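Here's the structure we're looking at; comments come further down.
FYI, side chains are in, hydrogens and waters are out, and symmetry mates aren't considered; it's all heavy atoms of this structure. The first residue in the sequence is number 1, and the count goes up from there. Since this is a predicted model, take the numbers as computed values, not measurements.
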Amino acid sequence: MAAQLQLVFDHGKRHELIRGADQMADYVDIIEIGYPELITFGLDVVKEIHDAHPNVKLCVDAKVFHGGSGVTRRCFEAGASIVTVLGSAPNPVIQQMVRHAREYDGAIMCDMDGIKRIGKRTAEVDALGVNYMSVSSGFLMEHEYDLNKRRHGSIFQVRPLELASAVKRNLLHARLAIGTGINEENIDMVMKLDPAIVMVGRGIYYDPNSPNEYHTASIETRVARIDALKARMG
C-alpha cells in the first residue's frame, strides 16, 4: 500500500491555514492542523476546514497527555480523522483514546519523540491499539545531529532515523509515520522504512528566497513538489 502524504501546517496565521487547506486539499491525503494552530485558533478551525473539505482526512496534533476522553471526543466531533497522543501519556489515557477513535471511525497517532527506551515503549503502546506511531523530529534534528557532532559533539545520543528504525522494528499492529525536514532530496531514505504516512511541511510550501515568509511557495511549486514526493512514495 502506498504511503499517504500528510501536509503539516504548524506556522502562520489563521487565514494562511484556511487558504492553504483550500489550495492543497485536492493534492494531499491528510492535512495536519499543528499544535501551535490548535492552541491559537482552537477546534473551530478544524471544523471550518472539515466542513469545506469533508473528504480530506484531518490530523489534529493535540499531543494529548491528560483528559484522553474529553479531548479526543471533541477533536473527532470537530472533524478530525486522526488525533495525536504523546508516547509518555499514561496507558489508561491512550486506551481511552483508542476506544473513542473506534466509536468515531477515527485513528490515534502516538508521538514517540523524546521517549527513552523507545523500543520497549513502542511495543507497550502498540499493544494498546493505536493506529500509527510517529517520529516527527526527522531530518531537521538529523541536520542538527551532524552539525553539533562536528562542532561540539552531538547533543543527541541516537540519530533520529535510528529512532524511527527502532520504532519500526517493534511494531506488530500500528504503522509508522515519519516527518519534519522531509523533501525531494531525502524522501528515498524515508521510504526505506516503509512508512504509512510521510509528514511534510516546509518541503512543500516554503520559499527559500523569502526566509521571513513561511507559506510563500507558489501553488504551482507546491503541486510540483507534491507530485515529485508522491512519485517516490509508491
Can you see which heavy atom on [X] is nearest to which on [Y], and at what distance?
{"X": "A217", "Y": "R225", "result": "CB-NH1, 3.8 Å"}
{"X": "M112", "Y": "M133", "result": "SD-CE, 3.8 Å"}
{"X": "A228", "Y": "E184", "result": "CB-OE1, 3.5 Å"}
{"X": "A2", "Y": "G234", "result": "CB-O, 3.2 Å"}
{"X": "L7", "Y": "I204", "result": "CD1-CD1, 3.7 Å"}
{"X": "R73", "Y": "E103", "result": "NH2-OE1, 3.2 Å"}

Minimum side-chain heavy-atom gap [X]-[Y] below 4.5 Å:
{"X": "V8", "Y": "V200", "answer": "no"}
{"X": "T72", "Y": "R99", "answer": "no"}
{"X": "I219", "Y": "M24", "answer": "yes"}

Nearest 0.5 Å, what's the [atom1]-[atom2] distance between [X] and [Y]?
{"X": "L229", "Y": "Y27", "atom1": "CG", "atom2": "OH", "result": "15.0 Å"}
{"X": "E16", "Y": "I18", "atom1": "CD", "atom2": "CD1", "result": "11.5 Å"}
{"X": "Q96", "Y": "L128", "atom1": "CD", "atom2": "CG", "result": "12.0 Å"}
{"X": "H53", "Y": "E48", "atom1": "NE2", "atom2": "CD", "result": "9.0 Å"}
{"X": "I33", "Y": "L43", "atom1": "CD1", "atom2": "CG", "result": "9.5 Å"}
{"X": "Q6", "Y": "M109", "atom1": "CD", "atom2": "CE", "result": "5.0 Å"}

Side chain to side chain contact (heavy atoms under 4.5 Å, CB included), paired with L5, selected from I197, I226, I182: I226
Just list the side-chain donor-acceptor pairs under 3.5 Å for residues 85-95, sequence neighbours left out, or say none.
from: N91; atom 1: OD1; to: R121; atom 2: NH1; distance (Å): 2.8
from: N91; atom 1: OD1; to: R121; atom 2: NH2; distance (Å): 3.0

Check: N186 side chain, N183 main-chain N or O, donor-acceptor pair, under 3.5 Å: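 Yes.
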Backbone of I108 reached by a side-chain donor or acceptor of N131 within 3.5 Å: yes
List, one per line, each side-chain donor-acceptor pair under 3.5 Å for residues 166-178, sequence neighbours excluded.
from: K168; atom 1: NZ; to: D194; atom 2: O; distance (Å): 3.3
from: N170; atom 1: ND2; to: A166; atom 2: O; distance (Å): 2.8

In a table with atom names and distances, give each donor-acceptor pair under 3.5 Å that connects a side chain of residues 58-66 to protein atoms at least two apart or in another chain.
from: D61; atom 1: OD1; to: T84; atom 2: OG1; distance (Å): 2.7
from: D61; atom 1: OD2; to: K63; atom 2: NZ; distance (Å): 3.0

Those residues that, when tested against N55, pass side chain to side chain donor-acceptor pair (under 3.5 Å) (two or more places apart):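 Result, side chain to side chain donor-acceptor pair (under 3.5 Å) vs N55: none returned.
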Those residues that, when tested against T40, pass side chain to side chain donor-acceptor pair (under 3.5 Å) (two or more places apart):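 Side chain to side chain donor-acceptor pair (under 3.5 Å) list for T40, sorted by chain: empty.
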Common cluster, L193/I118, ILVMFWY with side-chain heavy-atom separation under 4.5 Å: yes
Working for salt bridge (charged side-chain N to carboxylate O under 4.0 Å, His left out), residues K57 and D29: CA-CA 7 Å; K57 295 180 181 179; D29 303 297; over 6 Å; no
So does [X] have more than 12 non-hydrogen atoms from other groups sitting under 6.0 Å from [atom1]?
{"X": "D105", "atom1": "CG", "value": "no"}
{"X": "K47", "atom1": "NZ", "value": "no"}
{"X": "Y35", "atom1": "OH", "value": "no"}

Show every donor-acceptor pair shorter than 3.5 Å between a side-chain atom in residues 74-81 and any protein atom, with sequence neighbours excluded, or say none if there are none.
from: R74; atom 1: NH1; to: G70; atom 2: O; distance (Å): 3.3
from: E77; atom 1: OE2; to: Y104; atom 2: OH; distance (Å): 2.7

